[in-house]
Amino acid sequence: MSFSGEVKKELCRQAGGARHCQIAELAAILTLCGSVHISVRDEYSIRMETENVWVAEKYSLLLNRAFKIRPEVAVRRHSGGRRAVSYHLYVADSADARRVLQAVKLITPRGTLAEELPLTHSVLLQKSCCRRAFIRGAFLAAGSVSDPNRSYHFEIVCEGEYQAEQLKELVRSLDIDAKTVRRKKYFVVYVKEGAQIADLLAMMDARVALLELENIRILKEMRGSVNRKVNCETANINKTVNAAVKQIEDIRYIRDTAGFSSLSNGLDEIARLRLQYPEATLKELGMLLQPAVGKSGVNHRLRKLSSIADKLRESKEENYYDQKTDNDSDF
C-alpha cells in the first residue's frame, strides 16, 4: 500500500470526536466526492462514490454516529482502466437526506441547494477542531500525499476554482502555507514543504504517518549534512593536492634549471623537504624545519619558490625568442 493509502487507512480508523466535528468531516466528504439528487416529486437523495474501501467505511460510520443513518452500499467492479472497484453509498430516504444536507449546510432551511461551500458557514467551522475535521474529510475524499522517501507533496483536488480558493484559505487559517494550481479541468490545493506536511498530518491526527514522515525527514537531513561535509572535505583535499603538485613542479623546475645552490638557505631547505614529503601538510612541513616554522611561514616560502620558478620560465621564453630572432636575421 502506498504512503497515501496508509495515511487514509489510519485516519479512517478514527471515529471519535464530538458530533459537530463528525458533521464537519461529513460536509467535506460530501462536498468533494458526493452528489445531491432531487426527484420530480421534490424528494432528496445523497450519493457518495469512492475507490477507497476505508473511506467508504468511514463515511458510513460517520452517518451512523452523527445521524443514526445506515446508507445503502453498492460495489461496482470495472473491467478496464485504472479503477478496479468503486464503492457507491446512497441515502435514499428523503427525510434522512434532508437532515444530513441541512446539518452540513448543503441546503438552506427552505430546502434549496446552497450555492456556497459549507466551509463558508462560520457556524459549521467556528471551532478549530471542526476546521481540522473538515480538512481531514477533504483529504479522505480527494487528497493524496506522496511517499516522503521520494518527495514532499500534499494535495487535495477540487472541481472548481472557487472551491479550491475557499479550501486554501481554510488551510491557511491553521498557519499552513497552502497554494493552488490548475491541473487540466481541476484545481489543486497543495503543500510542498516537508515541515508543513508534518503539521498537516499532526493536525489530522495521523500520528503513525507523522512519526514515519519525521523519521524520514531526519534521515534525509542527516544524509544531506553528511554529503555537504564530505563534499567540502573533498574540495579542500583536492585544493591541497593541486597546490602540492604545483609546488613540486615549480621546485623541480628550479632544481633542473638554476639548481638549489641559487636559493637561500631557508628556501633550499623547504624545497628539499617538499620533494621528500610530497603529501605533507604545511603544518607538518613547518614542524620538520629547523627551527620550526608556522603554516604562514611555510606558505610564504613556497609562494616565493613558485615566483622564482615563474621568473625562470619567463627568462627562458625571452631567451628562446631572442635566439630565434637572431637566427631569422641571418637569412
Please list every donor-acceptor pair under 3.5 Å in which a side-chain atom of residues 207-215 meets a protein atom from a residue at least two apart or in another chain.
residue, atom, partner, partner atom, Å
E214, OE1, R217, NH1, 2.8
N215, ND2, L211, O, 3.2

Decide if atom [atom1] of [X] counts as having more than 12 heavy atoms of other residues, nucleotides or ligands within a radius under 6.0 Å.
| X | atom1 | result |
| --- | --- | --- |
| N242 | CG | yes |
| K220 | NZ | yes |
| H300 | NE2 | no |
| M1 | CE | yes |

So if you build clusters from Ile, Leu, Val, Met, Phe, Trp, Tyr with side-chain heavy-atom gaps below 4.5 Å, do [X] and [Y] land together?
| X | Y | result |
| --- | --- | --- |
| V157 | V171 | no |
| L30 | L32 | yes |
| Y90 | V53 | no |

Look at the side chain of [X] and the backbone N and O of [Y], then say whether any donor-acceptor pair between them is shorter than 3.5 Å.
| X | Y | answer |
| --- | --- | --- |
| Q163 | E159 | yes |
| K105 | A27 | no |
| N227 | R223 | yes |
| R132 | I135 | no |
| R77 | V85 | no |
| S4 | V145 | yes |
| S146 | S151 | yes |
| S86 | T50 | no |
| Q102 | R99 | no |
| E57 | N52 | no |

Can you pull the side-chain hydrogen bond (donor to acceptor under 3.5 Å, both in side chains) pairs that have at least one residue in residues 182-199, sequence neighbours excluded?
-> H153-K192, E155-R183

side-chain hydrogen bond (donor to acceptor under 3.5 Å, both in side chains): which pairs involve residues 248-258, sequence neighbours left out?
-> K246-D250, D250-S306, D250-R313

Short side-chain donor-acceptor distance under 3.5 Å, R65 and Q22 | no

By salt bridge (charged side-chain N to carboxylate O under 4.0 Å, His left out), which residues pair with D147, not counting sequence neighbours?
-> none

Kindly write out the residues that satisfy salt bridge (charged side-chain N to carboxylate O under 4.0 Å, His left out) with R172, not counting sequence neighbours, or none if the list is empty.
-> D177

Closest approach of K8 to L140 (non-hydrogen atoms, all atoms of both residues) = NZ-O, 3.5 Å

List the atom of A56, the atom of M48, and the distance in Å for their closest heavy-atom pair.
-> CA-CE, 4.3 Å

Are any non-hydrogen side-chain atoms of F67 and I23 less than 4.5 angstrom apart?
-> yes

Could you walk me through whether R13 and K58 pass side-chain contact (heavy atoms from CB on, under 4.5 Å), step by step?
-> CA-CA 7 Å; R13 286 173 173 171; K58 178 67 177 288; over 6 Å; no

Those residues at least two apart in sequence (or on a different chain) that pass ring pair (Phe, Tyr, Trp, His ring centres under 6.0 Å) with Y59 are none

